[in-house]
Amino acid sequence: MASRTVDVVAAGPASSDPYDPAAPAWALAAALAAGGDSVAVLHPEGPAGAVAPAGLSDVPVDVPVRRPGAAVESAGYASAAARRIRSTAELVLRDPAGLGRLGLRRGAGRGPVLAGFVHEVELTAYDRERGSRSRTGVRDRLDHWLDRRSVRRLEAASLGEADRLFYDAPGAPAEVGRAYGIPERKFRAAMPAVAGPPELPSREESRASFRVPADVPVVALLAPSDRPEPAGADLAREAFRRVRSFFPGARLVVAGATVPADSGVAVAPSRDLATFSRAISAADVVVAPRRAPGFDPGLVLALRAGRAAIVGPAVRFPLDPAGAVRAVPTDDPGELASVLAELLADPAARRELGLAAARYAAPFDPERVRDVVLAATAVGAG
């Protein structure tokens with residue numbers, strides 16, 4: 001496929017944290033650049049992030065702040081970013097699709113193809129985050145009504161402007177269709193791009209970095225945020241405590257968050273790909289008992305590496321992971337401990353689970369996502 005000029009409108013600067021909301025956009029941009037495309041990534045100005053991937057242009061965008069904290073503030077970013085999009089751009093990707101039109105000059109046979117990524121409906125997110133707040137007085141209720149109406153109007157403008165919409169949540173096309181009347185023919189399924197290291201460090205090196213013996217069972221918790229409670233760190237620690245007496249010398253490695261010191265627990269609070277990669281490489285089993293609902297890119301990295309994984313009910317999957325993970329239906333640490341003990345005691349079950357895990361994680365590879373996006377946005381694509 002011929003190279004293209006692609007501008008990516010991302011939610012934030014490059015980050016070394018695979019859980020950063022902007023990470024999928026940067027991972028896809030890097031894959032596009034590696035494939036020979038001329039790629040620029042636009043993002044709001046802010047604190048310096050990680051070094052941008054090689055081969056692409058990093059374009060900070062100055063966004064005027066008019067209503068700090070307002071739900072519609074991100075619409076100002078769309079207008080500011082539109083002024084920095086290259087006149088030669090053939091494809092513009094917004095991840096997420098967000099609020100407000102870019103308003104690019106386009107017509108029959110000219111101007112870029114415009115695509116957006118719908119991870120969730122912004123109006124639904126607004127209702128979930130702000131709709132349950134108690135309101136006192138007419139002014140408070142009026143402000144809420146006006147904000148909600150603005151979110152709806154601006155999201156409709158963003159989605160309606162796009163030529164193609166990519167989704168990763170089952171049922172998203174139907175939900176968007178009900179809310180905004182967007183036809184399903186605009187949609188294509190595409191997984192979030194999850195970038196990993198060129199290769200994992202060796203098991204021996206990783207365990208040595210955590211001061212863990214080479215011949216003991218290791219469980220890893222990859223924290224979705226630096227706050228241990230939403231990550232379910234207490235659940236992982238309690239489950240590990242219950243099984244440790246059956247597995248002499250066993251260790252729990254907590255990556256990405258700080259937890260209290262405890263016997264057999266190693267903590268690596270840094271939130272970067274290198275730290276998460278070391279934890280994955282050192283582990284026999286990865287646990288994901290997070291309380292905050294959401295997609296888990298660190299878990300995808302573990303599955304790609306063929307690690308056996310146990311997930312709690314809050315982990316959200318774009319694709320059915322049946323056979324690729326072991327799931328516990330509640331936040332009961334006893335249930336987690338029971339499954340954890342089974343897997344630590346059964347290397348053959350871990351290997352079988354790991355093979356299925358690697359197959360499941362394949363569609364999240366940035367190069368696979370790139371190919372899906374380019375095919376769906378090619379001239380003449382239906």
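The model shown is predicted, which means the values in this text are computed figures rather than measured ones.
- In this structure Phe317 satisfies the ring pair (Phe, Tyr, Trp, His ring centres under 6.0 Å) test together with Tyr360, sequence neighbours excluded.
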Check against side chain to side chain contact (heavy atoms under 4.5 Å, CB included), Leu28 and Phe117: CA-CA 12 Å; Leu28 175 57; Phe117 289 76; 3.6 Å; yes
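- Each of Val339, Leu299, Val328 was evaluated against Val311; a single residue qualifies, Leu299, per the side chain to side chain contact (heavy atoms under 4.5 Å, CB included) test.
- The 12-atom threshold is exceeded at CD of Glu45, counting heavy atoms of other residues, nucleotides or ligands nearer than 6.0 Å.
- For Asp234 and Arg241, the salt-bridge test fails: no basic side-chain N is under 4.0 Å from an acidic carboxylate O.
- Arg350 places a side-chain N or O within donor-acceptor distance of the main-chain N or O of Leu343, the cut-off being under 3.5 Å.
- Figure legend: Arg278 and Phe210 shown as a cation-pi pair, the cationic atom lying under 6.0 angstrom from the six-membered ring centre and within 45 degrees of its axis.
- Of the candidates Val300, Leu301, Leu303, Phe364 forms a side chain to side chain contact (heavy atoms under 4.5 Å, CB included) with just one, namely Val300.
- Side-chain N or O atoms of Ser16 include none that pairs as donor or acceptor with a backbone N or O of Ala50 at under 3.5 Å.
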Chi angles and distances behind the side chain to side chain contact (heavy atoms under 4.5 Å, CB included) call for His43, Trp26: CA-CA 10 Å; His43 60 86; Trp26 283 93; 3.7 Å; yes
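- Phe247 is not listed as a side-chain neighbour of Val219, based on a closest heavy-atom distance of 4.5 Å or more.
- Look at Glu175 and Arg178 and you find no salt bridge, because none of the NZ, NE, NH1 or NH2 atoms lies under 4.0 Å from a carboxylate O.
- Judged purely by atom type and a 3.5 angstrom limit, Glu204 has no side-chain atom pairing as donor or acceptor with the backbone of Ala214.
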Derivation and outcome, side chain to side chain contact (heavy atoms under 4.5 Å, CB included), residues Asp20 and Arg271: CA-CA 10 Å; Asp20 188 281; Arg271 299 197 58 79; over 6 Å; no
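- One finds a salt bridge joining Arg106 and Asp163 here, because a Lys/Arg side-chain nitrogen approaches an Asp/Glu carboxylate oxygen to under 4.0 Å.
- For Asp7 and Arg83, the salt-bridge test fails: no basic side-chain N is under 4.0 Å from an acidic carboxylate O.
- With sequence neighbours excluded, the residues that form a ring pair (Phe, Tyr, Trp, His ring centres under 6.0 Å) with Tyr19 are Phe276.
- In the hydrophobic clustering of this structure, Leu91 groups with Val8; members are Ile, Leu, Val, Met, Phe, Trp, Tyr whose side-chain heavy atoms approach within less than 4.5 Å, directly or through other members.
- Interatomic distance, CG of Leu344 versus CZ of Arg244, reported as 12.5 Å (0.5 Å rounding).
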